[in-house]
Amino acid sequence: MTKHNILKYVLFGLTLTSGFFSWFSVFQATKFPEANEWVAPILWFSLFVMMLCLMTILVDSIIAVELVAAAAFLLSLIFAFSLWHLAISIFCTLLMLSGLRHIRKDLDLNIKISLWKSLYTGKVRIVFALAIIISSQYFFIINSANGQKVIPRFDLSSISTRLVEPILGMINPNFKTIQKEGLTVDQFILESQQGKSDAVMSLSNDMIDRQIPANLPADQREVLKQQVLQQIADSQTQLLQKNKELILDEGHKQLSQMVGQDINGSEKVADVFAGLINKKINDYFQPRINGDSHSSAYSYILAAILFLTILPLGSLLSLLWFVLIILVFKLMVRFGVVQIKTITVEREMIA
């Protein structure tokens, strides 16, 4: 086997291998929402693009190059098979092949080899194709049967916490006095009951005024009224003291059902309600496993964000890819793996 054939098959193998692990790395990244999980896909796709470009530059057989490139792109279907993803993959494959053809065409037209200029002619199509197909694979993975487990969740608790306390203060003015100290769940429950107690005292005050004979002197009416109010207040205090534990237990139970977690009473009520808001937001955005038409647009938003992230990132990284491709090419020329020859070309021209 000649040196040229060895290089050709090595490039074919590396292209298919890097393509497979590129799509696999995207599949793995969907399981972990942390940003650093996307380092592996960036590295694998960098190698993948470099192999595609080197294969286009160094291998003469155009049909073989395009078949291998198309196969490497369509390996994405292994991890996210869908008829829509198949259609998108075919479109992206054709777009990528168009970019590779522009690179080869520019190389053939150049009088002197200029890899940077030739690579740059296919950059937009290659980066655009990658951005579409990666976003498509990501979208269809997170919408698969077990996709709900791999979608990252919003954490808006820091924002929600800042909004909850002022809102509580608007709902009940009594909460404003302890707002800065951090209202706990138990304080919140007891303050709510205190509001009810104040209403009872106000009602009792009106009833006593109506029950006391009108012909009594004003000072006697006031003394009698205060005695009755004191008795009511003492009875209410004793009743509240006895029922405090039951009230708190019932309050804990109701709040636990609302937020979906156990409440012991020492938590800050702002954090509890912020967690409830956060949970409702994430429950809304999480796509439903049954895939009905009312499932959230969260996956569409994520795919769009990913697409808009890959485009500028790919354009920036392509500069590094091209530098490394040119470096590898020059090393191959230096060690005799590839040769640069000068040939005479005859062409027609209008005189």
Side-chain angles (χ1 to χ4, degrees), residues 19-42 44-46 48-49 72-96 98-99 124-160 163 260 274-318:
F20 173 82
F21 283 104
S22 294
W23 308 123
F24 177 73
S25 64
V26 174
F27 173 76
Q28 287 292 103
T30 58
K31 297 183 178 181
F32 307 98
E34 293 79 7
N36 58 1
E37 294 298 331
W38 286 93
V39 173
I42 290 173
W44 277 114
F45 277 105
S46 296
F48 184 33
V49 174
F73 247 61
L74 294 176
L75 286 174
S76 171
L77 295 170
I78 296 176
F79 305 101
F81 185 78
S82 165
L83 292 179
W84 276 109
H85 185 53
L86 173 61
I88 293 172
S89 298
I90 293 174
F91 169 76
C92 292
T93 300
L94 295 175
L95 185 62
M96 180 271 304
S98 175
V124 174
R125 289 174 174 81
I126 293 174
V127 172
F128 200 77
L130 284 174
I132 295 176
I133 194 170
I134 292 172
S135 303
S136 175
Q137 179 181 339
Y138 185 80
F139 174 82
F140 286 105
I141 288 176
I142 63 178
N143 280 282
S144 61
N146 59 351
Q148 197 171 23
K149 300 177 182 178
V150 302
I151 294 181
R153 299 177 66 85
F154 286 123
D155 185 8
L156 303 177
S157 56
S158 60
I159 300 175
S160 303
L163 296 176
L276 174 62
I277 295 171
N278 200 45
K279 178 178 180 295
K280 292 299 182 183
I281 291 174
N282 280 292
D283 288 345
Y284 174 78
F285 279 118
Q286 290 288 326
R288 299 174 177 82
I289 288 181
N290 60 12
D292 61 21
S293 58
H294 299 289
S295 62
S296 164
Y298 185 29
S299 52
Y300 291 93
I301 296 173
L302 284 179
I305 292 174
L306 184 60
F307 173 77
L308 295 175
T309 302
I310 294 173
L311 275 183
L313 180 62
S315 297
L316 182 63
L317 288 175
S318 64

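Computed over heavy atoms, backbone and side chain alike; hydrogens, waters and symmetry mates excluded.
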Nearest heavy-atom pair of [X] and [Y]: which atoms, and what distance?
X      : Y      : value
Val127 : Ile310 : CG1-O, 4.4 Å
Leu74  : Ser89  : CD2-CB, 3.8 Å
Ser25  : Pro41  : OG-CA, 3.2 Å
Thr309 : Ile305 : OG1-O, 2.7 Å

Which value, rounded to the nearest 0.5 Å, describes the distance between [X] atom [atom1] and [Y] atom [atom2]?
X      : Y      : atom1 : atom2 : value
Arg125 : Leu130 : CZ    : CG    : 14.0 Å
Ile88  : Leu95  : CD1   : CG    : 13.0 Å
Phe91  : Ser136 : CZ    : OG    : 11.5 Å
Leu83  : Phe140 : CG    : CZ    : 9.0 Å
Leu313 : Ser318 : CG    : OG    : 9.5 Å
Ile42  : Ser22  : CD1   : OG    : 11.5 Å

* Take Leu317 and Val49 through the test side chain to side chain contact (heavy atoms under 4.5 Å, CB included) and record every step on the way to the result. => CA-CA 10 Å; Leu317 288 175; Val49 174; over 6 Å; no
* Of the options Ile133, Val26, Thr93, which is the one that meets Ser76 in a side-chain contact (heavy atoms from CB on, under 4.5 Å)? ->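 Result for side-chain contact (heavy atoms from CB on, under 4.5 Å) with Ser76: Ile133.
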Is the [X] ring parallel, tilted or perpendicular to the [Y] ring (thresholds 30°, 60°)?
X      : Y      : result
Phe307 : Phe128 : perpendicular
Phe24  : Phe79  : tilted
Trp23  : Phe45  : perpendicular

* Asked: Is it true that Phe20 and Phe48 have ring centroids separated by less than 6.0 Å?
  ->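 When the ring centroids of Phe20 and Phe48 are compared, they turn out to be at least 6.0 Å apart.
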* Apply side chain to side chain contact (heavy atoms under 4.5 Å, CB included) to the pair Phe27 and Gln137, showing each step before the final yes or no. => CA-CA 8 Å; Phe27 173 76; Gln137 179 181 339; 4.2 Å; yes
